[in-house]
Structure formats: C-alpha cells, structure tokens
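Worksheet for the structure shown next.
Below, read A as the first sequence line, B as the second, and so on, with proteins coming before strands; counting in each chain starts at 1.
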Amino acid sequence: MKPDKVLLALAGQPNCGKSTVFNALTGASQHVANYPGVTVDKMVGWYKHGGNKVEVVDLPGTYSLTSYSPEERVSRDFILHENPSVVVNVLDASNLKRCLYLTFQLLEMEVPVILNPNMMDVAEKRGMEINASVLSKSLGIPVVPTAMKSGRGKKKLIEAIEKVGTGESAVKPVRIDYGEMEPLIREIEAKLSAESRLRDRYPTRWLAIKLMEGDEEVRKMVGEEKNPGEMLLEFVGGLRTTFEEQTGETPEMHIGRHRYQAAEEVCKTGVKLPSNVKKPFSDRIDGVVCHRILGPLFLVGVIWTLYYLSIVQGYNITNYTWPLLAKIRSFTEAIMPAPGFIEIPILRSFALWFVDSVNALLNYIPIFFILFALIAVLEDSGYMPRMAFIMDRLFSRYGLHGQSTLPMVLGGIYVGGCAVPGVMSCKGIPDDRSRLATILIIPLLNCLAKVPLYVLLINIYFAQHKALAMFFISTISLLMVLPVSKMLTMTVLRKRDTAPFVMEMPPYHLPTVRGVLGRAVERVWLFIRKIITIVAALAVVIFVLLQFPGIGKDRMAYYEAEKDRAINTFYKKISATDYAAAIQADTPSKNLMDLVLYWENYKNARMMAGSQKAASAVNKAFKIRNPDFYPVVQPEGDKDAKKVNREMKKLVRERKKILQEMRKERINQSFLGRIGQAIEPATQFAGFNWRVNVALLSAFAAKESSVATLGALYEQEEAGETLEQRMAAAETGFTPLHALALMLFMVLYPPCLATSIAVKLQSGSVKWMLFSMGYPMVLGIFVATLVFSGGSALGLTGLQAMFAFYGLMLCITIAAGFLKTKQEPSLIQP
Amino acid sequence: MTLDQMRPGNECRIKYLSVRDKLGQRLMDMGVYPGRRLKVVRNAPLEDPMEIEIDGYFVSLRHEEARFVEVDHREAR
Ligand SMILES: Nc1nc2c(ncn2[C@@H]2O[C@H](COP(=O)(O)OP(=O)(O)O)[C@@H](O)[C@H]2O)c(=O)[nH]1
Ligand SMILES: [Mg+2]
C-alpha cells in the first residue's frame, strides 16, 4: 500500500545550499514554525507530486549530530522522533569529503537517505568530476546531483524522493567499520537488545555508538530506563576508560576519525580531482576583506551602506507611505462619533490612540523591509562570518561575540538604529551566553525613537554646545553597554552555556534575488504578525492607564461652566451681526459645534493646500459645503463677517485651552499620573519631577511618546509657542544637570513594547523579557542619581558633569575589558 | 608546539588534541584532528582570532582555543 503523505527532512552542513533546495521544492508554500523549547526556526513547506503530498522540513544546518548545540539536538530529535520517510542529505559537491562526515552519522540513524550533492556547477567549474553511480554503489543509497540555484536536477530529485518515500526502492546503506572499537560496540548492542525497551524506539547500533561517544542526551535517555539503565552506563564508562588507556585515543576521536576515513575512501573512487588546484577565489577576496587595515575599513563601509540604504533611504520612502497611514487615521476620525465642544467621546479617543500606536510601528515597515533584505544579502554572500572574525577580539572581552556585531549595528551603535531588528538578528549567535548578553544590551543602544527627547533637551539646555552634547549622547551608550554586558556575563549569565568560537569561513556566493526578497518578506511578516499584534493589544492597557479614572464630577462642572462662559461671550459679541441667526439656531450648541468643526476642517485643508490653485479649490469646496458658514472663515471685506471671524478665532483658542487643561488634569488623575507622583520622592534625587516621571512612564509604549506626553503636560499659553519654549518656561528650576540626568536615563531606558516582545521571542522566555525590562530601570535610576546628586554635591555644571561622567565611563570600559571571566570547565587542560 | 603559536603562512601537522567534550568535539567536527595537515592563513586585524586552511576549506578559531591543538611544525611537508 502506498502512503499518500510523505514526510521529507532536509539535512546538511551550513552553506551547502539546503535552503535553496528547500525553496526550489516547496515554492511559496512554506512557513516558519518553532521547535518546542528552543529558539531555533523550523522551516516547513510542502509540494504535491503525482497525487502525493510531500511535507518538507528544512532542518538547521549542522556539521555533526551530537548533543552539544540546540541545532544539532533539534535535527537529531526530529529524525529520531518524527520518523521522516526520507532524509535528503544536501552536500556541497565542491567539498564532498567533508560533507560526507555528516552523511555517515545520518546513515547510522537508519533512516532512508538520499544523497544530494548540490552546487554541481561550482564543482564542475573547479574541474572536479563526481561519479554519482560509483558514489551510490559505495554508499548503498541513491545519489542525485543538482545545481539547485539554476534548478538543474530538481526533477530527478523529486522522482527519487517519491521512489524512496513510497518504499518503492529499497535502501541498503553501508556501515562504517570502527576497527578496534567494533567488539565493544557489539557488546553494548547485545546488552541493549537483550533487555531494553529502547531498542524498539531507536536503532541499537546508533545507541551503542553514541554511548561510546559519551553523548550526554543518550546517556540521560538510557539512565532513565529501569533496565539496564545505570548499570549499562557504568559498564560503558568502564569500556571507554580501558579503550582510551589501550589506544591512547578518546573514543569520540576514534569514532570521528573513522568517519573521516570512510568519507575519504568513498571519495577516492567517486570523485576525480583536477590535477592543479587553484587558489580559491574566496581566499583572494579575504585577502582584502580580512586585511589588517582594509578589512576594518571595508566593514565600516558596509555598516555605513546598511545605515544609509535602510535608515536614510527607507525613511525617505516613509514620506510616501505615511500619507497612506494618515488616510487610515482620517478614515477612523470620520467614522467615529464626532467630538463635542469639550466632550471627546471615549470611543473616539480610544480608536485614535489605537490607530496611532499601530501606525507608529507600521510606519517602520519600509525601513525594516530594506534592512531585512540587506541582512539577507550579508547572510547569503558569506560576509557575516568575516564580520565576526574582525570584531570578535573586541567584543569577546566584554562577554559578547564576534557575531554580536550586526545586531549591535542594527540596534544603533552610534545613533539611529532600532532595537527590534537588532534583537531579532541575535538568532545566529551560537554561544548562548553571548547571545543573551547581546539581546539584553541592545535596548540600551540609541534607537531612532530616543532621539527626539535628546534633541529637545539639548536644544533647551545645551544650546551653546549642541554638537558636543550630541556626540556625547551618541557615544556614551556604547561606553555604558560594554561594561554592562561584562557585568551581566559575570553575574546573572554566569551559568549559561557557552560554545566554542570555531567557525567555518564559507566560500563567498552571489545571493539570489528570490532568496533575498523571500527572506525579507518572511521577516517583515513575522514582525507584523508577532509584534504588531501584541503591541496593539498592550496599547489598550496603556490607554486605560492614561485615561482612567478620569476627571471628577465637580471639576467637570467647572469645565462645563468655562465652556458656557466662552460660548456666551461669543454669542453676545456676535448678536448684532447678520450671522447671529444662522449660527444661533434651535439647537444652539449643535449648530455652533458644526461651525467649530467646519472652521477646523477649513484651517486644516488650507494648511495642506500648498499652491495658490489648491487653496482656491479648497475655498470653492467649502463654499459649496456650507454657504452660510463660508463668510465666517473667509470674510473678504464684509464687516460683520470680519467681526464674527475675529470672535470665532478667540472661541477656538478658548476651546483648545480648555481641552488642553482637561487633558493635563486627566493625566494628573490617571493611574499613570498617580504613579508618577508617588515615585517623585525617590526620583527627585535623579532630578525628575512627577511630570518627567509621567513622560518617562508613557514612553514605555513607544519612546516617541515621551516627547508627546511632555507636550501635553506643558500647556500651550500662546499659539505657536514651541515645546522648547514651553518647557523652559514651565520648568524654571530645571538646569542642564537635570537634563543630563534625564538624557542618561533615556539611554538606559527599558525596551519598548515591540522590543520586549522581540526579546521574549529570541530568548524564549518571559523571565528574560521581564529582566530586560527591569534591570535598565534600576541602572538608569542609579546613573541618573549619581550624575544629578553627585553633580549637585560637587557643584558641577551640566557640561562639567558631562565630561566627568564620560571620563568615568571610559575608564570603567577599559578596565572591564581587562577583567578576566572565569574559564569554561571544558577549556581547562585535562 | 601548539597551534596558537603558529604564524600566518606556517604549515603544520596536527599531533594531538588536548581537550575533549564540547570544544574537542567541535574541533573534530570542523576537521581539526590528529594526522591532518593545516596552514595558518591569517590573523584577524586585532590579532585574534586566527584563520586556518584545512583540505581546501577555511576555519577560524580563537587563539585560546588553538592552544589545545598540538602541532608538529617540522613534519609540515
Ligand atoms: N553556484 C551555486 N550556488 C548555490 C547553489 N545552491 C545554493 N547556492 C548559493 O549558496 C548560498 C547558500 O545557500 P543556502 O541555501 O542559504 O544554504 P544553507 O545554509 O545550506 O541553507 C546562497 O548564496 C545560494 O545562492 C548552487 O547549486 N550553485
Ligand atoms: Mg539555510
């Protein structure tokens, strides 16, 4: 009987073109899933062939199948537990010998394997001849060579998968002869097959070999069995020791060496190498890219290009996409209940808040798309490992990793990054400890959204030293991040797993358009799905915290009275004009409100209209819309109309003032406002009053809000006053020292909602997300207090305190670089 | 002599790996094991890590890891 569903797994070493094969097979029908408990991506897709549905899983690229890294564990567990009907082992045909090392491990797991030497075009160009039928005979499995970048061999591969998957063609793989170890393996096998339940679930020879290798996971699995369990482990332990004593070689090295030897045997007959081996082209490129002087220059160039194309050019694109988002907002405005003179319906303010929160993130999509595409180019070309190679020395001193470079660049190593893609690109860092350290420090870099607050404060309080202050704030974040990372590594992350740096420098490849765009779309989609949805949900919570419990009854009565006073004054003033009747109809407030809205719409429309021609078009439209009101907004010489126009201006200004006062009071009274006031006694040492507290608290939703909230808190007294002027006027006690403390706190500000979600996704735990939100807060308060209280005590000016703090951080960073971290146990000489 | 003491351009033969477990296995899986020949290609701009060539492919590793690879310089060719 033919099964009508085939489960196919793709296995292979990194960079052999596995994803290219996956894409060629599945086309657009694929998605990302997760393996339980780890943050390794699981690519799943499917295709149909001859009535069979074939489900394809792209396993992570690994060199081996031990239990030392999550990728290897995941691949191995998938093959053992999901029982794929076929495993296609993709290999780099130009480096067959080394790739076969993994093949033998797959064969030992006794799954049907198809050998797929890919990149045949590269091998042929180098003059290698690969004889598929000889390979097939000496390995005992089907061999299908391909050059999947151009789709060559795809059909044959699909046919072979069908044959093996439906059990039509039997597979009889060879076995490696492990020499002196064979008798020991047999002995263990005999014990396993006599007593254990394990032999029904796992290939016994594989278990035996893994036990000889001392594989931790397999030992645990066997140890958990009642029978033979511990006893068997002890027995194997004895065998391992005697083996090492007798041969002078550890069992795992003996096994590895035999696998390499077997691979060499197979290649001797199956592969014909060219007589003269040219120096590989990649090595010549590396001569420049990894050069002592040119290398770092090239790296800076790459980073600059990345910034320029994504942040600068991407930002330009948002000029075109923002109007689309603005349309969504005006549409929402239009369908929501209209505002009253001072009563803004809660549904309306909520809907607008919600749209604004989501729009703020959607606005980043063009930037993210370019960024993700460029990252894909870097990944596919093979430049990433070179980046790590160049930077590792510097970063590893602080508990980070060479591969932390890209995430930190994205996060804003100077100024103007974004923590979300930064955190998301931490995935590739193999060392668990460095990966977490990188994830935790990225939010402390200068993302784009922190900049408005810096600019605001620098313009007010460091107006004479703008450039200097901007340089300070741009570079201080790196100086704080490095020692913080070292500190985390030596404390909370001390016990985390580390991994060897040892890494392949793969040959360079020209990336394909499809591969790059596909990845960019996929990641943007992930961003929309995972991050924007959750942020939208949490925006509701922040809204409630800022709105409720709201303004009390008696205060509301006061505002009502204010409103009536303003309206009555207006009516009295215009009562003698020709327009009094039109405005003061049966339902006065309604009609007046119509006029107010008409007035505001008209002002907005005129502001948007750039040219003379557009302006007169607006005039015409408004004249048609309401001929009675039109003279009020455009008096044109009519004396009565002019008077109404003047009074109307006053009324609108009055209304704005009342609304602003109400908003301020609502924030005062809100839960968030109360928290801000409650913590003022503590934050005063950092120089923050409750208003600043509220602004900082609201920044958690998105850092841009800090400036918006300050805007709401510092009421507008005269139209056209900038926030700078208002803040300077309202906070007379505020000095540059206050501003400095506030800016430093902003540097160390906890991640925004979107970043927190990214942290949760990448660290795989809520615990680390909460930690990443908590520790910067403590650190920020500490630094701000140090600078403010310390600076005040020493009588320093803002500028002096800035220099002092910079010097201090420079010393700490250099000192932290020389501090030794405890060595891995496995790195200590045996 | 250990691998971390080799200079760029040097060729040598691996004699012994004095480390096991995670790092030992990783070196093995990347093709660094006794009997193999290798060539030191270059050091990174800041000296560490180093890049070596084994059998036509390139691997980079930190000097602190290369310390565990004992090599024979004379037996190079
Ligand atoms: N010349 C050539 N390049 C290929 C071929 N298959 C894949 N590549 C390139 O090799 C690089 C790595 O491929 P990828 O599928 O990402 O490898 P993976 O790491 O195994 O998933 C990409 O730049 C591909 O475009 C092929 O058959 N020929
Ligand atoms: Mg891949």
Which atoms of A/Leu394 approach chain B - backbone, side chain, both or neither, heavy atom under 4.5 Å: both

Comparing A/Thr62, A/Ile390, A/Leu102, A/Asp286 against chain B, the one with the most heavy-atom pairs below 4.5 Å turns out to be A/Asp286

Is it true that A/Arg76 and A/Asp215 have a side-chain N and a carboxylate O under 4.0 angstrom from each other? yes

Is it true that the NZ or CZ of B/Arg26 lies under 6.0 Å from the centre of A/Tyr68's six-membered ring and within 45 degrees of the ring axis? no

Using the side-chain contact (heavy atoms from CB on, under 4.5 Å) criterion, which residues pair with A/Arg73? Sequence neighbours excluded. A/Ser67, A/Pro70, A/Glu217

Okay, B/Val41 and chain A: the region with an atom under 4.5 Å from a heavy atom over there is side chain

If you tally heavy-atom pairs under 4.5 Å against chain A, which of B/Val59, B/Leu61, B/Asp48, B/Asp29 wins? B/Asp29

I need the full list of ring-ring contact (aromatic ring centres under 6.0 Å, His included) pairs touching residues 28-54 of chain B, with sequence neighbours left out, sorted by first then second residue. A/Tyr260-B/Tyr33

Between B/Lys15 (side chain only) and B/Met1 (backbone N and O only), is there a donor and an acceptor less than 3.5 Å apart? no

Against chain B, label A/Phe389 side chain, backbone, both or neither, depending on which of its atoms sit under 4.5 Å from a heavy atom there. both

Considering only heavy atoms and a distance below 4.5 Å, find which of B/Ile52, B/Ile54, B/Leu27, B/Asp55 pairs most often with chain A. B/Asp55

Okay, A/Arg257 and chain B: the region with an atom under 4.5 Å from a heavy atom over there is both

A/Arg126 to A/Phe281 six-membered ring, cation-pi geometry met (6.0 Å, 45°): no

